[in-house]
Amino acid sequence: MIIVLKPNVPKEQITLFKTTLEENYNLTVNTWIGVESTVLGLIGDTTSIDEDWISAQDVVESVKRVQEPYKKANRKFHPDNTVIEFPSGVKIGDGSLCIMAGPCSVENEEQINYVAQRVKKAGAAFLRGGAFKPRTSPYSFQGLRAEGLDLLKGARKATGLPIVTEIMRVSHIDMFESVDIIQVGARNMQNFELLKELGKIDKPILLKRGLANTIEEWIMSAEYIMAGGNNKVILCERGIRTYETATRNTLDLSAVPVIKKLSHLPVIVDPSHATGKASLVEPMALAAVAAGADGLMIEVHNDPKHALSDGAQSLTPDKFDEVARKVFALKKAYDGIMSDE
Ligand code: PEP
Ligand code: MN
């Protein structure tokens with residue numbers, strides 16, 4: 001961290017400020033004295049320093065962070081990829097491609113069991129399905145809630161597919177005890193109290209990117225979970241808000257290689273919520289694989305036209321068969337090209 005001091009700050013004040021920094025944060029402070037202003041260089045772990053506090057000091061002109069504000073999620077401090085292993089033998093982050101698929105919302109037993117069996121057959125490793133739904137309108141279907149969780153567990157029992165489903169409040173954590181991956185949706189990416197509590201449990205967390213959040217803010221949310229001791233975080237790019245209206249969101253595929261550089265955490269892509277259109281899921285799923293994603297989350301519905309949520313972006317099971325076939329074929333070709341290099 002570099003701090004530029006105001007011109008002509010008396011020497012005693014500089015010394016006092018330096019000592020405060022060194023004593024409070026256990027840092028080394030280097031000083032460069034110019035003709036008019038003085039620059040301080042902070043050496044050491046600056047992650048816990050509050051930039052706003054620095055800026056608010058009378059002697060400070062400006063402050064610039066030169067190192068990322070996150071540590072546990074940072075590849076610099078953890079060069080190897082995080083690989084999350086499941087009892088089924090499935091791994092996420094090991095270079096394989098993991099597909100999570102299923103309906104936006106769990107609607108009834110017949111629906112979830114049918115979709116589960118179809119996505120499993122097509123090669124999905126996880127069944128997704130919302131039980132608690134974060135809907136824009138309070139008058140829209142809000143999910144089957146606890147009953148939805150039971151139906152997901154039933155579908156898991158019938159097919160053997162582990163389940164991933166969204167949590168919306170801290171008080172539900174116990175209810176999610178036997179869920180295999182707990183999803184934090186885009187709208188809760190910065191629900192810090194929820195993130196802190198999820199940091200205390202030993203369960204993989206799928207953290208979706210917020211609708212209007214930067215990559216750094218997204219990694220900082222992962223850091224919240226990891227700071228509590230839970231290192232099993234999977235990031236999910238699901239599109240961000242831009243001025244474009246042709247798609248529901250704008251899929252920021254460059255986030256995949258950017259995350260891979262900055263962090264060791266696995267990153268998957270959700271082309272369904274990113275585009276909002278079933279016809280765009282296949283091309284964007286293929287592009288995500290080419291961008292290096294560790295997996296995909298895809299919405300699949302037995303009868304998209306009558307879905308209780310997100311029908312327009314949901315694939316039929318037949319279309320999902322085709323998309324899965326293509327993405328696995330592309331992944332195989334991609335791995336072949338990479339190993340030849
Ligand atoms: C979902 O996966 O069903 C969902 C609501 O996604 P997002 O949080 O990305 O909007
Ligand atoms: Mn959805």
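Every number for a ligand or one of its atoms is a count from 1 in the order of the listing.
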*Dump the intermediate steps for side-chain hydrogen bond (donor to acceptor under 3.5 Å, both in side chains) on D310 and H301, then the final yes or no.*
CA-CA 9 Å; D310 287 351; H301 195 282; over 6 Å; no

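- Closer than 2.8 Å to the Mn ion (ligand 2) sit the protein N, O or S atoms C104 SG, H273 NE2, E299 OE2, D310 OD2.
- Among all protein heavy atoms, the one lying closest to atom 4 (C) of ligand 1 is H273 NE2, 3.5 Å.
- Minimum heavy-atom separation, P204 to I234: CB-CD1, 4.5 Å.
- Contact atoms of ligand 1 toward E166: 4 (C), 5 (C) (distance under 4.0 Å to a heavy atom of the residue).
- Looking at heavy atoms from C-beta onward, S221 lies in side-chain contact with Q190 at the 4.5 angstrom threshold.
- Nearest protein heavy-atom contact of atom 6 (O) of ligand 1 is K208 NZ, 2.9 Å.
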*Check step by step if salt bridge (charged side-chain N to carboxylate O under 4.0 Å, His left out) holds for K71 and E223.*
CA-CA 7 Å; K71 198 170 177 194; E223 188 82 6; over 6 Å; no

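- Under 3.5 Å, the side chains of N302 and R118 contain no donor-acceptor pair of N or O atoms.
- Distances shorter than 4.0 angstrom do not occur between any heavy atom of R209 and any atom of ligand 1.
- The number of heavy-atom neighbours closer than 6.0 Å to CG of D50, taken from other residues, nucleotides and ligands shown, is above 12.
- Among all non-hydrogen protein atoms, the one lying nearest atom 2 (O) of ligand 1 is R128 NH1, 2.6 Å.
- Close contacts of ligand 1 with R187, meaning ligand atoms under 4.0 Å from a residue heavy atom, involve 7 (P), 8 (O), 10 (O).
- Of all protein heavy atoms, the one closest to atom 8 (O) of ligand 1 is A186 N, 2.7 Å.
- Listed by atom number, the atoms of ligand 1 under 4.0 Å from E299 heavy atoms are 3 (O).
- For K72, the NZ atom is loosely surrounded, since the number of other residues' heavy atoms within 6.0 Å does not exceed 12.
- Tracing side-chain contacts under 4.5 Å through hydrophobic residues (I, L, V, M, F, W, Y), one reaches W53 starting from M1; they form part of the same cluster.
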*Between K326 and E322, does a salt bridge (charged side-chain N to carboxylate O under 4.0 Å, His left out) hold up when you go through it step by step?*
CA-CA 6 Å; K326 289 182 185 168; E322 193 187 326; 3.1 Å; yes

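- Q142 and R135 share no donor-acceptor pair across their side chains, judged by distance under 3.5 Å alone.
- Residue, atom and distance of the protein heavy atom nearest to atom 9 (O) of ligand 1 are R238 NE, 2.6 Å.
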_Does K208 form a salt bridge (charged side-chain N to carboxylate O under 4.0 Å, His left out) with E166? I'd like the steps, not just the answer._
CA-CA 10 Å; K208 288 192 143 192; E166 178 169 354; over 6 Å; no

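- Residue-ligand proximity, G185 to ligand 1, at heavy-atom distances under 4.0 Å covers atoms 8 (O).
- Inclusion of P134 in the set of residues having an N or O under 3.5 Å from an N or O of ligand 1 is not warranted.
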